[in-house]
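Report on the following structure.
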Amino acid sequence: MKAVVWNAYGPPEVLKLKDVEKPVPESDEVLIKIHASTVTLGDCEVRALDFIFTIKLIMRFVFGFFKPRERILGQELAGTVEAVGRSVKDFEVGDAVIATPGMKFGGYAEYITLKVARKEGILVKKPQTLSFEEAAALPVGSLEALNFVGSSQLKKGESILINGAGGSIGTMAIQMAKHYGAVVTAVDRADKLDFLKQVGADYVIDYQKEDYTQLGNTYDVILDVVGKGDFGRTMKCFNAGGRYIIANPTVAYFLRSQLAKLTSKTSIYMKMTAQKNDSMFKVLDLVEKDVLKVYIDQILPLEKIVEAHRYVEAGNKKGNLVLRINSGIKE
């Protein structure tokens, strides 16, 4: 089968399209023919090991100290079950599915095997109302947004600022916040502002021209998707009872947040997102009710993987970038 192989940490050019052995499902696994996957900023960061020194060291132990242990990236996918292990009862050949492989990765390939019962990652049947491209782009962004917006306990009429709103997490967070009846301010680059208004933001801020911490505005909730806002100044931007949600905290953020909890009335959350089927069912219910929509910037073939990683790494992505794999498949 064709797969994008990752044999070294580094720039997008380390990704190579090669022929690898097609996996065979074990008794408790399904074999999925992948029709679509995505490129996320998280994929790019892991590929390049683009983290501060402490996190980079931890990641080397997780993924391989000198070179990647898992050879195929890709955090989310949609496809069709092609074979099932003898003990699998909940899925049949031909079922269209949505999945996240967890730390195993593996979405940049024509096939993948996944255990039906797992501690990490989702595997659910795809609704007919979603295309394979839409379905592949749904899990990571929506589950993160469900976790963060849910943690904020956002109420109708409250205000929320989302820093780094233009990607897969931010676009879902905007829609969820509007569903709760909040007033949404979205922060990102100038070329994404019209798009963010289309997604549902009430107000937009170009971070290249304005620092949201210097505008004199205050909010009930601030969701920092990128983890690059000034912590001290941000802490001054809250209304009474404010909630600060940090999606991508650095070590410095974590330490400062622990000190701030001792002196500030602002609540600070850094809760990791657990990818569970039950949470995915909640997301699919919101999709069915037209609360959530998947926004796709580009759809590229697997052969364009280097171009796709360059585009996402440069911060150009509006919503999601999808990789089409095993194209020509009927829904």
Side-chain angles (χ1 to χ4, degrees), residues 1-7 15 17-40 42-43 46-47 62-64 68-128 130-144 272-284 302 305 322-331:
M1 70 170 186
K2 297 288 185 184
V4 173
V5 176
W6 173 51
N7 284 327
L15 302 173
L17 185 64
K18 294 187 177 182
D19 288 310
V20 301
E21 187 175 352
K22 181 179 176 180
V24 177
E26 297 182 1
S27 63
D28 59 347
E29 294 180 331
V30 294
L31 173 68
I32 301 170
K33 186 173 188 176
I34 301 175
H35 303 325
S37 184
T38 66
V39 176
T40 68
D43 292 325
V46 171
R47 182 212 74 234
V62 173
F63 294 110
R69 191 177 298 113
E70 301 294 345
R71 299 176 62 216
I72 302 171
L73 286 171
Q75 297 185 62
E76 53 190 346
L77 59 98
T80 304
V81 175
E82 186 166 285
V84 299
R86 62 180 180 275
S87 65
V88 173
K89 301 186 184 304
D90 295 332
F91 294 90
E92 298 178 352
V93 172
D95 283 344
V97 295
I98 306 171
T100 60
M103 298 301 284
K104 173 184 176 181
F105 291 96
Y108 296 175
E110 291 183 316
Y111 293 90
I112 190 172
T113 54
L114 293 175
K115 292 186 181 297
V116 172
R118 290 177 294 149
K119 293 181 179 180
E120 178 190 20
I122 64 157
L123 178 60
V124 299
K125 293 179 182 179
K126 178 184 80 69
Q128 292 185 350
L130 288 173
S131 69
F132 283 110
E133 290 83 4
E134 291 170 328
L138 186 60
V140 171
S142 64
L143 292 174
E144 295 281 0
M272 296 290 289
T273 298
Q275 294 184 349
K276 301 290 185 182
N277 283 352
D278 287 348
S279 297
M280 196 66 216
F281 291 139
K282 292 178 182 178
V283 168
L284 291 174
L302 195 58
I305 187 65
V322 173
L323 297 172
R324 181 173 284 152
I325 308 168
N326 288 310
S327 60
I329 305 299
K330 294 182 180 179
E331 294 293 322

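Everything numeric in this text was worked out from a predicted model, so none of it was measured. Keep in mind that the numbers below use all heavy atoms, side chains included, and drop hydrogens, waters and symmetry copies. We count residues from 1, following the sequence as given.
S37 approaches G107 most closely through the heavy-atom pair CB-O, 3.4 Å. Nearest heavy-atom pair across A274 and S279 is O-OG, 4.4 Å. When all heavy atoms of T100 and G121 are compared, the pair lying nearest together is OG1-CA, 3.2 Å. Taking both residues in full, the closest heavy atoms of T38 and A137 are given as CG2-CA, 3.6 Å, listed atom of the first, atom of the second, then distance. Shortest non-hydrogen contact noted between S142 and P139 is OG-O, 3.2 Å. A pairwise comparison of heavy atoms in A109 and A3 identifies CB-CB, 3.7 Å as the closest pair.
A side-chain contact (heavy atoms from CB on, under 4.5 Å) with V283 holds for exactly one of I122, L138, V124; it is L138. Considering L17, L15, L73 in turn, L15 is the only one that fulfils the side-chain contact (heavy atoms from CB on, under 4.5 Å) rule with I305. Screening R118, K115, R86 for a side-chain hydrogen bond (donor to acceptor under 3.5 Å, both in side chains) involving D28 leaves a single residue, K115.
Taken from CG in L114 to NZ in K104, the straight-line distance is 5.0 Å, to the nearest 0.5 Å. Between M280 atom CE and K125 atom NZ the span is 15.5 Å, to the nearest 0.5 Å. To the nearest 0.5 Å, atoms CD (E82) and CD1 (I32) are separated by 11.0 Å. Rounding to the nearest 0.5 angstrom, the gap separating the OG atom in S131 from the NZ atom in K126 is 7.0 Å. Here CD of E110 is found 4.5 Å from CG of N326. Values are rounded to the nearest 0.5 Å. Note: M1 CE to E21 CD = 9.0 Å, rounded to the nearest 0.5 Å.
Side chains of Y111 and K33 form a contact here, defined as non-hydrogen atoms less than 4.5 Å apart. Two residues are said to be in side-chain contact when any heavy atoms from C-beta on lie closer than 4.5 Å; E76 and T40 meet this criterion. Under the 4.5 Å side-chain criterion, counting only non-hydrogen atoms from C-beta, E92 is not in contact with V84. Side-chain contact between L31 and P23 is present, with at least one heavy-atom pair separated by less than 4.5 Å. Taking the side chain as every heavy atom from C-beta outward, V322 and F132 never approach each other to under 4.5 Å. Residues P127 and I98 form a side-chain contact, since some pair of their non-hydrogen atoms from C-beta on lies under 4.5 Å apart. At a threshold of 4.5 Å between non-hydrogen side-chain atoms, the residues Q75 and D43 count as touching. I34 is not listed as a side-chain neighbour of L323, based on a closest heavy-atom distance of 4.5 Å or more.
Counting only distance, with no hydrogens or angles, the side chain of N277 and the backbone of L123 share a donor-acceptor pair below 3.5 Å. At least one donor-acceptor pair closer than 3.5 Å links the side chain of K276 to the backbone N or O of K119. Of the possible donor and acceptor atoms, none in the side chain of S27 sits under 3.5 Å from a partner among the backbone N and O of S87. With hydrogens and angles disregarded, no donor-acceptor distance shorter than 3.5 Å links the side chain of T113 to the backbone of V30. Not a single donor-acceptor pair under 3.5 Å links the side chain of E120 to the backbone N or O of G102.
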**OP:** Decide side-chain contact (heavy atoms from CB on, under 4.5 Å) for H35 and I325; before the verdict, give the C-alpha distance in whole Å, the side-chain angles of both, and the deciding distance to 0.1 Å.
**Re:** CA-CA 5 Å; H35 303 325; I325 308 168; 6.0 Å; no
**OP:** Given side-chain contact (heavy atoms from CB on, under 4.5 Å), test V88 with E29 step by step and report yes or no.
**Re:** CA-CA 7 Å; V88 173; E29 294 180 331; 5.8 Å; no
